[in-house]
S.K.: 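One structure follows; several queries about it will come next.
Hydrogens, waters and symmetry mates play no part in the numbers below; they use all other heavy atoms, side chains included.
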Amino acid sequence: QVQLVESGGGFVQPGGSLRLSCAASGFTFSGHVMRWYRQAPGKQRELVAAISGTSGSTNYADSVKGRFTISRDDAKNTVDLQMNNLKPEDTAVYYCNAIRLSNFNYNYWGQGTQVTVSS
């Protein structure tokens, strides 16, 4: 029923850019806060960026501020993460996440997409 599918990951050199996309289905996209998380080997999953389903406000981890931009297209049911000036420490599996605005017990996850930043 509910599905979040990430795409756009890959291998990039330091300083390069990638654009991740998450396609959502099976729920009311506009009624959910959309988030990007990432998890590197041996580390906890961390919140990278979030965008509100109502106000459109955004929040970013300190480590990515000024480099990453989250956006959403409610007509297409997608949320993107534009990643610029990538650093090796950005290497991780990136996950799309949805939180239902009216009931935070609804929490959906995608399968993840690998981002590797290396020379």
Side-chain angles (χ1 to χ4, degrees):
Q1 182 182 357
V2 172
Q3 188 167 278
L4 297 172
V5 180
E6 302 96 332
S7 62
F11 193 101
V12 65
Q13 295 180 357
S17 298
L18 286 173
R19 189 176 185 91
L20 306 183
S21 185
C22 173
S25 61
F27 62 95
T28 303
F29 183 77
S30 61
H32 289 73
V33 175
M34 300 301 299
R35 305 176 180 179
W36 286 97
Y37 283 77
R38 67 186 181 188
Q39 187 167 28
K43 296 184 178 180
Q44 292 182 302
R45 188 172 297 188
E46 64 173 340
L47 177 65
V48 176
I51 184 165
S52 172
T54 54
S55 68
S57 63
T58 58
N59 286 284
Y60 299 93
D62 288 342
S63 59
V64 307
K65 286 180 179 177
R67 300 188 297 120
F68 290 12
T69 303
I70 188 171
S71 61
R72 65 190 294 157
D73 187 336
D74 289 353
K76 297 194 299 183
N77 288 354
T78 58
V79 58
D80 289 1
L81 185 68
Q82 178 66 47
M83 305 185 295
N84 297 326
N85 192 24
L86 284 160
K87 303 176 180 180
E89 52 263 43
D90 295 319
T91 296
V93 177
Y94 284 71
Y95 297 90
C96 182
N97 167 257
I99 297 291
R100 188 171 174 178
L101 290 169
S102 61
N103 189 343
F104 284 5
N105 289 326
Y106 292 87
N107 186 0
Y108 309 121
W109 293 90
Q111 85 289 347
T113 185
Q114 176 70 48
V115 172
T116 302
V117 185
S118 176
S119 297

S.K.: Side chains of residues 41-50: which donor-acceptor pairs under 3.5 Å do they make with residues two or more places apart or in other chains?
M.R.:
{"residue": "E46", "atom": "OE2", "partner": "R38", "partner atom": "NE", "Å": "2.7"}
{"residue": "E46", "atom": "OE2", "partner": "R38", "partner atom": "NH2", "Å": "3.3"}

S.K.: For residues S118 and P14, determine if any side-chain heavy atom of one lies less than 4.5 Å from a side-chain heavy atom of the other.
M.R.: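 No, their side chains stay 4.5 Å or more apart.
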S.K.: Of all heavy-atom pairs between V12 and L18, which one has the smallest distance, and what is that distance?
M.R.: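 Shortest heavy-atom separation between V12 and L18 comes out as CG1-CD1, 4.0 Å.
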S.K.: Tell me, do C96 and Y108 make a side-chain contact under 4.5 Å, heavy atoms counted?
M.R.: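 With C-beta onward as the side chain, the pair stays apart.
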S.K.: Rounded to the nearest 0.5 Å, how far apart are CG of N85 and CZ of R67?
M.R.: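 The distance works out to 6.0 Å.
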S.K.: Hey, mind stepping through L81 and T69 against side-chain contact (heavy atoms from CB on, under 4.5 Å) and telling me if it holds?
M.R.: CA-CA 6 Å; L81 185 68; T69 303; over 6 Å; no
S.K.: Using a strict 4.0 Å threshold on nitrogen-to-oxygen distance, state whether R72 and D80 make a salt bridge.
M.R.: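 Salt bridge flag = no for D80 with R72.
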S.K.: A side-chain contact here means heavy atoms from C-beta on lying under 4.5 Å apart; do F27 and H32 qualify?
M.R.: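 The answer is yes, as the side chains (C-beta and beyond) meet within the 4.5 Å cut-off.
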S.K.: D62: what forms a side chain to side chain contact (heavy atoms under 4.5 Å, CB included) with it, not counting sequence neighbours?
M.R.: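 Expected list: K65.
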S.K.: Between A23 and T78, which heavy-atom pair has the shortest distance, and what is it?
M.R.: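 Smallest interatomic distance, heavy atoms only, reads CA-CG2, 4.1 Å.
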S.K.: Got a second to check how far W36's CH2 is from N97's CG, nearest 0.5 Å?
M.R.: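 Rounded to the nearest 0.5 Å, the CH2-CG separation comes to 10.5 Å.
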S.K.: Dump the intermediate steps for side-chain contact (heavy atoms from CB on, under 4.5 Å) on S30 and T28, then the final yes or no.
M.R.: CA-CA 6 Å; S30 61; T28 303; 3.7 Å; yes
S.K.: Please check: side-chain N/O of E6 versus main-chain N/O of S21, any donor-acceptor pairing under 3.5 Å?
M.R.: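 It does not hold such a pair.
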S.K.: Taking everything shown except Q13 itself, do over 12 heavy atoms lie less than 6.0 Å from its CD?
M.R.: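 Atom CD in Q13 is not crowded, with 12 or fewer foreign heavy atoms closer than 6.0 Å.
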S.K.: Between L20 and M83, what is the shortest heavy-atom contact and its length?
M.R.: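 In terms of heavy atoms, the two residues are closest at CG-CE, 3.7 Å.
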S.K.: So Q114 and T91, side-chain contact (heavy atoms from CB on, under 4.5 Å) or not? Walk me through it.
M.R.: CA-CA 8 Å; Q114 176 70 48; T91 296; 4.0 Å; yes
S.K.: Kindly write out the residues that satisfy ring pair (Phe, Tyr, Trp, His ring centres under 6.0 Å) with Y37, not counting sequence neighbours, or none if the list is empty.
M.R.: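 Result, ring pair (Phe, Tyr, Trp, His ring centres under 6.0 Å) vs Y37: W109.
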S.K.: What is the minimum heavy-atom distance between L4 and M34, and which atoms define it?
M.R.: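 For L4 versus M34, the nearest heavy atoms are CD2-CE, 4.2 Å.
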S.K.: Establish whether Y95 and F29 are linked, either directly or via other cluster members, by ILVMFWY side-chain heavy-atom contacts under 4.5 Å.
M.R.: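 In one cluster with Y95: F29, no.
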S.K.: Taking all non-hydrogen atoms of both residues, which atom of Q82 and which atom of S17 are closest, and how far apart?
M.R.: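 Nearest pair, atom of Q82 first, then S17: NE2-CB, 3.9 Å.
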S.K.: Taking K87's backbone N and O only, do any of them form a donor-acceptor pair with D90's side chain (distance below 3.5 Å, no angle check)?
M.R.: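 Yes, because the side chain of D90 sits within donor-acceptor range (under 3.5 Å) of the backbone of K87.
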S.K.: Is the backbone N or O of F11 less than 3.5 Å from a side-chain atom of T116, with the two atoms forming a donor-acceptor pair by type?
M.R.: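 Not at all, since once roles are kept as given, no pair shorter than 3.5 Å links the two residues.
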S.K.: Looking at CD1 of I70 and SG of C22, how far apart are the two atoms once the value is rounded to the nearest 0.5 Å?
M.R.: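 If I round to the nearest 0.5 Å, the distance is 9.5 Å.
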S.K.: Indicate, with yes or no, if F68 and V93 share a hydrophobic cluster defined by side-chain heavy-atom contacts under 4.5 Å among Ile, Leu, Val, Met, Phe, Trp and Tyr.
M.R.: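 Not linked; separate clusters.
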S.K.: Indicate the atoms forming the closest heavy-atom contact of A92 with A40, along with that distance.
M.R.: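 Closest pair (atom of A92, atom of A40, distance): CB-N, 3.8 Å.
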S.K.: Tell me whether V33 is reachable from Y94 by hopping between hydrophobic residues (I, L, V, M, F, W, Y) whose side-chain heavy atoms are closer than 4.5 Å.
M.R.: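 Shared cluster, no.
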